[in-house]
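To find a chain, count down the sequence lines: A is the first, B the second, and so on, and within it residues start at 1.
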Amino acid sequence: MSTTRHFIYEEIAADLAAGRYRAVVTRFPPEPNGYLHIGHAKAICLDFGMAAAFGGRCHLRMDDTNPAKESMEYVEAIQRDIRWLGFDWGEHFYYAADYFERMYECAVHLIRTGRAYVCQVPQEEWKHYRGVPTEPGRESPYRNRPIEESLDLFARMRAGEFPDGSMCLRAKIDMASPNLHLRDPVLYRILRVPHYRTGNRWVIYPTYDFAHPLEDAFEGVTHSLCTLEFEVHRPLYDWVIQSCGFQPPPRQIEFARLNLTYTVMSKRRLGELVREGHVRGWDDPRLPTLCGMRRRGYPPEAIRKFCDEIGVTKYDSLTEYALLEHYVREVLNLRAPRRMAVLDPLKVVIKNFDDSVVREVEVPNNPENPAEGTRRIPFGRELWIERDDYRDDPPPDFYRLAPGRAVRLRGAGFFTCRNVVRDSSGRPIEIHGDWAPASARLKVRSTLHWVSVAHAVPIEVRLYDHLFTIPDVSAIPDDDDYRRYLNPRSLVEVRGWGEPALAATPPGQTVQFERLGYFCADSEDFRPDRYVFNRTVTLKDSPLATAGRG
RNA sequence: UGCCGGAUGGUGUAAUGGUAGCACCGCAGACUCUGGAUCUGCUUGUCCAGGUUCGAAUCCUGGUCCGGCAACCA
């Protein structure tokens, strides 16, 4: 839980100190029309975090006032992702749709008190009435129609007597306001679209600006935290609350949404990437969706720490993806069991072993946590090592294998390269040399991971990299196509060899392939006869970070 | 050129009139059976111009730049 004292924390504390509210009630109000992403995680951590920090509660509410794009599939996915992130809304799960009747009553109240009217200006034409930011608008010719008439029309709108778009309910506020949202905004529209929750019961639906403040008020929300783009809506939010007479009024406070380098967060673009097949679904590990990150192997704790660290401000920032990766590594370093796997194999033959020599070596499961014990790994005459760990002509800063040079084999003594077998093009295919036990205490500068050829299990590995080639995707102008900047190598699939224990990795479990990075047994495709791993993140600054990429 | 909001190292974020700090990134070193981890050190910052004050990132005035707002979306 966050203990950070950002400006919203201070505002809430001040409200409490001033006695404006007795307890803190927040809410996370997603519209069930898409999957949650890391940007939502920031809001979730904030909403649940502030409630927890002040001993209050946080509601989960589906903001489902537009039936055209909402569905139960998303409702379930949203709940799953929030639980996975580590938050619990208890009994406080709500649907805005369940408030439709009460919202309708509030609308009637506004009409009765002269604060709303039924307007018949066609949508297209309304543009001319609304005006532009620099000039005041004009009043609707229906603005001053008798209250009884609006009441009658509104009831008949509900009864389905009028076609979609033929009329709407408007708040009567101020057509000259410099804030466009106050120029008689629409409160209800006619929409003959079945709702996933209320079916065909309604043909009129409240708009966000009308529904949201009411939802908050109905639930006794005290602090309604939302992103910056709603700042200009706040006067309207307050207007609805006040006009309907709710006390104490919930307070809307806005903060900057999260932007991350090398990725996109907009529902529209995420949806396009999925629909157009640039990725393999909403849970593609390259996507910043929570289900994608789960499948990628990101621990929820890392995401929470990240959200804590980035803070809460009103500054429109662009956070480096590296910071998220930092927390992923930090958490995984302590938790992920170590394993050995080779992604770009090169054969090593130990000449002073005969074919019958098969031994086992014992290595720690996690040097960061000795309590996790050790495991035994078969070791033999033929080993796979990483092709990149050998150079014919090593540069000065290359400490690994080269002609005549010795290295340590992880947990298995030393190996000295004596000669190299090549194919017709001169490419090394086997490195021959001698083995020496750990007691030989050879002076070497590096340790290599390896897998016994005779015991290796075949693994399929999906190497993931940034989805985009440029850090600031939002900087791409509208007349350019952001798809041009998709990273063609955001997914590279390779086949390698792993130590036997890898075959028993539970799907969803993340392990560290020593010297390479963290890899997660794929929750969909890993099976008893097919070992599929997703690279969660490379080890920091590892020279093998790009191993297997050809 | 209307309204709302914002501006502190490469990035993110503290400092609420009193030594500009932390984290990430990067670089260097120590240590290490992972070129990982760990430890140590280092580089780089208050948008600009005035003003108030003993003292300004902070307060005032004027600018500059950036973001948002003209769906019957949320």
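Each of B/A74, B/U13, B/U16 was ranked by its minimum atom distance to the side chain of A/N66; first place goes to B/A74. With B/U34, B/C3, B/A37 as the candidates, the nucleotide lying closest to the side chain of A/P367 is B/U34. Distances were taken from every side-chain heavy atom of A/I310 (C-beta onward) to each of B/G36, B/G12, B/A74; the shortest belongs to B/G12. Residue A/Y208 has its side chain nearest to B/A74 when only B/G68, B/U13, B/A74 are considered. Counting only heavy atoms from C-beta on, A/C168 has its side chain closest to B/C72 among B/A74, B/C72, B/A70. Among the nucleotides B/C72, B/A74, B/A23, the one closest to the side chain of A/Q123 is B/C72. Candidate nucleotides B/G35, B/C33, B/G12 were compared by shortest atom distance to the side chain of A/R408, and B/C33 ranks first.
Residue A/R445 is classed as having no contact, given no heavy-atom separation below 4.0 Å to the nucleic acid. At the heavy-atom level, A/F398 lies under 4.0 Å from base atoms of the strands shown. Within the nucleic acid shown, A/L318 comes within 4.0 Å of sugar-phosphate atoms alone, with no base atom in reach, counting heavy atoms only. Residue contacts for A/L323: at a heavy-atom cut-off of 4.0 Å it reaches the sugar-phosphate backbone alone, with no base atom in range. Nucleic acid contact for A/N33: none, since no nucleic acid atom lies under 4.0 Å from a heavy atom of the residue. As judged by a 4.0 angstrom heavy-atom cut-off over every strand, A/V361 is placed among residues making no nucleic acid contact. Contacts of A/S177 with the nucleic acid, taken as non-hydrogen atoms under 4.0 Å apart, are absent. At a threshold of 4.0 angstrom between heavy atoms, the contacts of A/F230 include nucleobase atoms, whether or not backbone atoms are also involved. Residue contacts for A/T313: at a heavy-atom cut-off of 4.0 Å it reaches the sugar-phosphate backbone alone, with no base atom in range.
For a distance-only test at 3.5 Å, the side chain of A/E368 qualifies as a donor-acceptor partner of the base of B/G36. Residue A/Q512 places a side-chain atom within donor-acceptor reach of the base of B/U34, judged by atom type and a 3.5 Å distance cut-off alone. Between the base of B/G35 and the side chain of A/R400 there is a donor-acceptor pair shorter than 3.5 Å. Evaluation of atom-type donor-acceptor distances gives a pair under 3.5 Å for the side chain of A/E320 against the base of B/G10. Judged by atom type and distance alone, A/H233 reaches the base of B/A74 through a side-chain donor-acceptor pair under 3.5 Å.
For A/Y321 and B/C25, the OH to P distance is 15 Å, given to the nearest whole Å. Here the C1' atom of nucleotide B/A74 and the CD atom of A/E215 are 10 Å apart, to the nearest Å. Between A/E325 atom CD and B/A37 atom P the separation is 13 Å, expressed in whole Å. For the pair A/I8 CD1 and B/U13 P, the computed distance is 13 Å after rounding to whole Å. Here B/C33 presents its P atom at 11 Å from NZ of A/K443, a figure rounded to the nearest Å. Counting to the nearest Å, the P atom of B/C72 and the CZ atom of A/F210 are 16 Å from each other. As rounded to whole Å, 12 Å separates atom P of B/C3 from atom CZ of A/R183. We find that NZ of A/K127 is positioned 12 Å from P of B/A70, with the value rounded to whole Å.
Base pairing analysis places B/G12 opposite B/C22; the two distances defining the Watson-Crick or G-U wobble pair are each below 3.5 Å. Remark: B/U64 base-pairs with B/A7. Criterion, Watson-Crick or G-U wobble with two distances under 3.5 Å. Pair assignment for B/C73 gives none, since no Watson-Crick or G-U wobble pairing has each distance under 3.5 Å. Remark: B/G29 base-pairs with B/C39; criterion is Watson-Crick or G-U wobble with both hydrogen-bond distances under 3.5 Å. With a cut-off of 3.5 Å on both pairing distances, the Watson-Crick or G-U wobble partner of B/C59 is B/G51.
The aromatic rings of A/Y35 and A/Y74 stand perpendicular to each other, their planes meeting at an angle above 60°, with 30° marking the opposite boundary. Classified by interplanar angle (parallel below 30°, tilted 30° to 60°, perpendicular above 60°), the ring pair A/W497/A/W384 is parallel. Note on ring orientation: taking the six-membered ring where Trp is involved, the planes of A/Y188 and A/Y104 are perpendicular (angle over 60°, cut-offs 30° and 60°).
With both ends at atom C1', the span from B/A71 to B/G12 equals 34 Å, rounded to whole Å. The C1' atoms of B/G55 and B/A70 are separated by 47 Å, rounded to the nearest whole Å. Across B/U11 and B/C69, the matching P atoms stand 24 Å from one another, rounded to whole Å. A gap of 25 Å separates the C1' atoms of B/C25 and B/G67, to the nearest Å.
The shortest distance between the side-chain N/O atoms of A/S446 and the OP1/OP2 oxygens of B/G35 is not below 4.0 Å. Distances shown here put every side-chain N or O of A/K540 at or beyond 4.0 Å from the OP1 or OP2 atom of B/G35. Between A/R515 and B/G35, a side-chain N or O to OP1/OP2 separation shorter than 4.0 Å is present. Phosphate contact (OP1/OP2 of B/A74, side-chain N/O of A/R189, threshold under 4.0 Å): present. Put simply, A/R130 has a side-chain N or O that comes within less than 4.0 Å of OP1 or OP2 on B/A71.
Checked by atom type, the side-chain pair A/E219/A/H59 shows a donor-acceptor distance below 3.5 Å. The closest side-chain donor-acceptor pair between A/E368 and A/N366, if any, does not fall under 3.5 angstrom. For the 3.5 Å distance criterion, the side chains of A/E514 and A/Q512 fail to qualify, holding no donor opposite an acceptor.
Mapped onto RNA chain B by nearest heavy atom, A/E70 and A/N179 fall at different nucleotides, with A/N179 at the one closer to the 5' end. Projected onto RNA chain B by closest heavy-atom contact, A/P206 and A/P133 fall at different nucleotides, the more 5' of which corresponds to A/P133.
Aromatic pair A/F230/A/Y208: ring centres closer than 6.0 Å. You'll find the ring centres of A/Y94 and A/F218 outside the 6.0 Å limit.
Annotated as anti: B/A15, whose glycosidic dihedral deviates from 0 by more than 90°.
Around atom CZ of A/R257, no more than 12 heavy atoms belonging to other residues, nucleotides or ligands sit under 6.0 Å away.
Residue side chain A/Y315 fails the stacking definition with respect to B/G6, as its ring centre and the base's six-membered ring centre are not both under 5.5 angstrom apart and under 30 degrees in plane angle.
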